[in-house]
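Here is the structure we will look at.
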Protein chains: 2
Amino acid sequence: MVPSSREAILLEARRCFAEQGFDGTSLNDIAAGVGLRKPSLLHHFASKEAIYRDVFETSLADFIVRVEAAVAEQDQAGWSKLDHVVTAAFEFFTDNAEFVRIMRREALDGQGHLGVDLGTVLKPLFDRAVGFFENEIGAGRFRKHDPEQLIITGTSAIMGYFSDVPFWRGVLDRDPLSEDALAARLDHFREFFRAALEP
Amino acid sequence: MVPSSREAILLEARRCFAEQGFDGTSLNDIAAGVGLRKPSLLHHFASKEAIYRDVFETSLADFIVRVEAAVAEQDQAGWSKLDHVVTAAFEFFTDNAEFVRIMRREALDGQGHLGVDLGTVLKPLFDRAVGFFENEIGAGRFRKHDPEQLIITGTSAIMGYFSDVPFWRGVLDRDPLSEDALAARLDHFREFFRAALEP
DNA sequence: GTCTATATAAGGATAGAC
DNA sequence: GTCTATCCTTATATAGAC
């Protein structure tokens, strides 16, 4: 099935916004990638910002749904619960590597290109994770670490791998998004955090 | 002493590039912050890119010098050596938080705004760190982890805190760059990595 | 060194033909 | 739905007065 113009625009826009950012992407860039002219884009979307909003908010909502599902799926406590959620998030990032780069740009920009503040949207998730760690540490299933700091460390360690793919490609001299490289990254992450957390 | 125009331009440019990126910053933004007009900037620098190059390359060189010094300063092995270098890097980031954001934007962009590739410049440092971890793990002073992955995890965990300051400010509801917050972050980082690395 | 005025290009967005 | 042509704004950069 041939993708509709609208879908093709969103795909190419996501690629461009991930690679070059909002300001670094022109409607011409997107149009050229799709094989259309600039005004044709604005037949499908009201503005450049509307395209960006669609790209970003759709993926962000998918991400939150995926994480919530992983939290709900698994009723155990301690490491196996955390492992399950972390693995689900990692797999989402694997399938949506471009989104991680867009999200990182939002986190970096302070004043985003949309009305929504990423921090406000993700704070509920963050607070629940803090509660989880407090609980596990209190029950003695994890070693004592500051829960907020744990989450900063964990999310940064996962997201940094995906967001800085161009950089890591240069440093490692291989494709960080190959199947093997991704499996190695996830393995390491799980082992490293288990080593630091398990009593 | 009143800073020269040139110095004032570089300061304001660093602030803008960190906050809004290269494409998101106009010469008018910088000029307004300094209290000059656009053409006056181009009396001191050949182009917008020349301003950016000065801001970025100066800080990057300072960073490399600081890390090399920390590596040389301390002749011990194992955790105390790593701790010394990590703390030195963290202190550099504390004093140069804006630079971390600029560096992250470079890592994110793939094709930077300069001829220099950040990955190529930092690869020697990376390779030496790999050698260090191989050595320490081989000697049994650290638990077994993949050295490359360790460095990705460590640098991402430190840099993510500084680069995403606007995001963390929203999530944590406090200033991530306050003296207390920075001390807590460094403490956590050191303890967490010690917990994961020490046998 | 700093300014005003201006050249030149690129970007987002609209009008209207097909 | 897609196009060409065009409007308007902003951006980098230069020329030349003070």
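Each chain gets a letter, A, B and so on, in the order the sequences are listed, and its residues count up from 1.
- For the pair Leu82(B)/Phe132(B), a side-chain contact is recorded, criterion being any heavy-atom separation below 4.5 Å from C-beta on.
- The side chain of His43(A) contributes no N or O atom lying less than 4.0 Å from OP1 or OP2 of dC3(D).
- Side-chain N/O atoms of Ser26(A) include none lying less than 4.0 angstrom from OP1 or OP2 on dA10(C).
- A salt bridge links Glu191(A) with Arg194(A); the closest basic N to acidic carboxylate O contact falls under 4.0 Å.
- Rounded to whole angstrom, the span from the CG atom of Leu27(B) across to the P atom of dT2(C) amounts to 15 Å.
- Residue Arg15(A) places its CZ atom among 12 or fewer non-hydrogen atoms of other residues, nucleotides or ligands, all under 6.0 Å distant.
- When the P atom of dT4(C) is taken as reference, atom CG of Leu36(B) falls 11 Å away, rounded to whole Å.
- The nearest whole Å value for the distance from the CD1 atom in Ile51(A) to the C1' atom in dA13(C) is 12 Å.
- Aromatic ring pairs are classed by plane angle as parallel below 30°, tilted from 30° to 60° and perpendicular above 60°; the pair Phe192(B) and Phe192(A) is perpendicular.
- In this structure, the nucleotide among dA13(D), dG12(C), dC3(C) sitting nearest to the side chain of Arg37(B) is dC3(C).
- The interatomic distance linking Asp23(B) (CG) with dT10(D) (P) rounds to 18 Å, in whole Å.
- One atom, OH of Tyr52(A), and another, P of dG12(C), lie 15 Å apart when rounded to the nearest Å.
- For the pair Glu49(A) CD and dA13(C) C1', the computed distance is 14 Å after rounding to whole Å.
- The CG-P distance, from Leu42(A) to dC7(D), rounds to 18 Å in whole Å.
- Between the side chain of Lys38(A) and the base of dG12(C) there is at least one donor-acceptor pair of N/O atoms closer than 3.5 Å.
- Phe90(B) and Phe162(B) have perpendicular rings, their planes meeting at more than 60° on a 0 to 90° scale where under 30° would count as parallel.
- Note on Asn28(A): a side-chain N or O is less than 4.0 Å away from OP1 or OP2 of dG11(C).
- Listed pair Ser40(A) / dC3(D) meets the phosphate criterion, a side-chain N or O lying under 4.0 Å from OP1 or OP2.
- Comparing atom distances between the Ser5(B) side chain and each of dC3(C), dT2(D), dT2(C) picks out dT2(C) as nearest.
- If you measure from atom CD of Gln20(B) to atom P of dA11(D), you get 11 Å, rounded to the nearest angstrom.
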